[in-house]
Chemist: 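Okay, here's the structure, questions in a sec.
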2 protein chains.
Amino acid sequence: MDTTQLLKGVLDLAVLAVLKDEDGYGYDILRRLRTAGLEEVGDASVYGTLRRLFQAGLLNTYVVPSEEGPHRKYYGLNAAGRDQLNRAGKTWRGFASTMDALLDERGVAA
Amino acid sequence: MDTTQLLKGVLDLAVLAVLKDEDGYGYDILRRLRTAGLEEVGDASVYGTLRRLFQAGLLNTYVVPSEEGPHRKYYGLNAAGRDQLNRAGKTWRGFASTMDALLDERGVAA
DNA sequence: GAAGCTACTTCGCAATGCGAGGTAGTGTCA
DNA sequence: TGACACTACCTCGCATTGCGAAGTAGCTTC
């Protein structure tokens, strides 16, 4: 079972979540996700997601030149982004508990 | 946030799960899933998933004529299917708890 | 000056859920 | 009888989205 497919629709949520407390740039967000346990996330997925979320008006962005490497394109949640984070979070929780119940009732897996 | 995207990769697991205790035919499986809380699942998705699972060698199938309507194409788990169900179940539980932790740490949603 | 890490981008593919449409059998009810 | 509705299945093609591959570029270290 591919974790790739499980990520569909959830990566948005995950990216919004790791941006909640602190703005971040792509490469850094990638690291945060992997540290959080999503180790198989590809970099192209993150950059693509950021672009989509930005185009959807959920993120602000600004470029910061770095003294120790290439420039960094920072992203941060705006009001709409925070809103979406909450909504997506609830959707996820609901969905996950539906699935858990479905599995529990049939005694699937540990 | 689309539940459609959340279903990706999980529908396989859900279908395997509802077949664990009792064989079923497409239309019936659709009802089981909807009853279990996955109300937005489309019929085409279920039929497609069944075909894929069958082609992957995880299901047995046999046709039973019905006296109260069209014939029914039953599907049931075989050994490989039960195996896959357990593996996919564990993958899901792991993934879900990773996501939950990620959200919890940042105090997202209820 | 070759590696290797940081940092971002573009391209096109693969997987999969779904809507739309079609085919049939059965039952109901005016 | 004829219209409708429910059961039951199938096919086609689209939309979304995560990803691999490849490329560009700056910086540090050996």
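Chain naming here is simple, since letters A, B, ... match the order of the sequence lines and numbering starts at 1 in each.
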Chemist: Around A:E40, counting heavy atoms of other residues, nucleotides and ligands shown, do more than 12 lie under 6.0 Å from its CD?
Modeler: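 It does: A:E40 CD has more than 12 such atoms within range.
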Chemist: What integer distance in Å separates B:E39:CD from C:dC18:P?
Modeler: 13 Å
Chemist: Produce a footprint string for nucleotides 10-17 of chain C: one letter per nucleotide, 5' end first; B if the base is under 4.0 Å from any protein heavy atom, S if only the sugar-phosphate is, - if neither.
Modeler: -----BBS
Chemist: For the pair made of CG in B:D43 and C1' in C:dA20, what is the distance, rounded to whole Å?
Modeler: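 Distance check: B:D43 CG to C:dA20 C1' gives 10 Å.
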Chemist: Would you check if B:V64 and B:H71 make a side-chain contact, meaning some heavy-atom pair closer than 4.5 Å?
Modeler: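 Result no, sub-4.5 Å side-chain heavy-atom pair not found.
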Chemist: Which whole-number value in Å describes the distance from A:R31 CZ to C:dA7 C1'?
Modeler: 10 Å
Chemist: Please report the end-to-end axis angle for the helix from C:dG1-D:dC30 to C:dA30-D:dT1, five pairs per end, rounded to 10 degrees.
Modeler: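 Axis angle across the helix from C:dG1-D:dC30 to C:dA30-D:dT1, nearest 10°: 10°.
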Chemist: Once you round to the nearest 0.5 Å, how far does NZ of A:K8 lie from CD of B:Q5?
Modeler: 7.0 Å
Chemist: Looking only at the side chains, is there a donor atom on one of B:Y74 and B:D28 sitting less than 3.5 Å from an acceptor on the other?
Modeler: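 No - no donor-acceptor pair under 3.5 Å links their side chains.
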Chemist: C:dA24 C1' sits how many Å from B:Y27 OH, rounded?
Modeler: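 Rounded to whole Å, this separation is 13 Å.
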Chemist: First and last nucleotide of DNA chain D touching chain A, 5' to 3', heavy-atom cut-off 4.0 Å?
Modeler: D:dT17 to D:dC27
Chemist: Less than 3.5 Å apart, any donor N or O on the side chain of A:R87 or A:Q84 sitting next to an acceptor on the other?
Modeler: yes
Chemist: Any ion pair linking A:R93 and B:D104 (charged N to carboxylate O, less than 4.0 Å)?
Modeler: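 Judged by the 4.0 Å cut-off on N to carboxylate O distance, B:D104 and A:R93 do form a salt bridge.
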Chemist: Between A:L50 (CG) and C:dA7 (C1'), how many Å, whole number?
Modeler: 12 Å
Chemist: Rounded to the nearest 0.5 Å, what's the gap from NZ on B:K90 to CG on A:L103? Could you check?
Modeler: 12.5 Å
Chemist: Side-chain contact test, heavy atoms from C-beta onward, threshold under 4.5 Å: evaluate it for B:L30 versus B:Y47 and give yes or no.
Modeler: no
Chemist: Check each of B:D12, B:L59, B:L58 against B:R52 using the side chain to side chain contact (heavy atoms under 4.5 Å, CB included) test, and report the only one that passes.
Modeler: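 Filter result, single survivor: B:D12.
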Chemist: For residues B:L38 and A:M99, determine if any side-chain heavy atom of one lies less than 4.5 Å from a side-chain heavy atom of the other.
Modeler: yes
Chemist: Treat each ILVMFWY residue as a node, draw an edge where side-chain heavy atoms are under 4.5 Å apart, and state whether B:L77 and B:F54 are in one component.
Modeler: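 B:L77 clusters together with B:F54.
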Chemist: Between B:R72 and C:dG25, does any side-chain N or O lie under 4.0 Å from OP1 or OP2?
Modeler: no
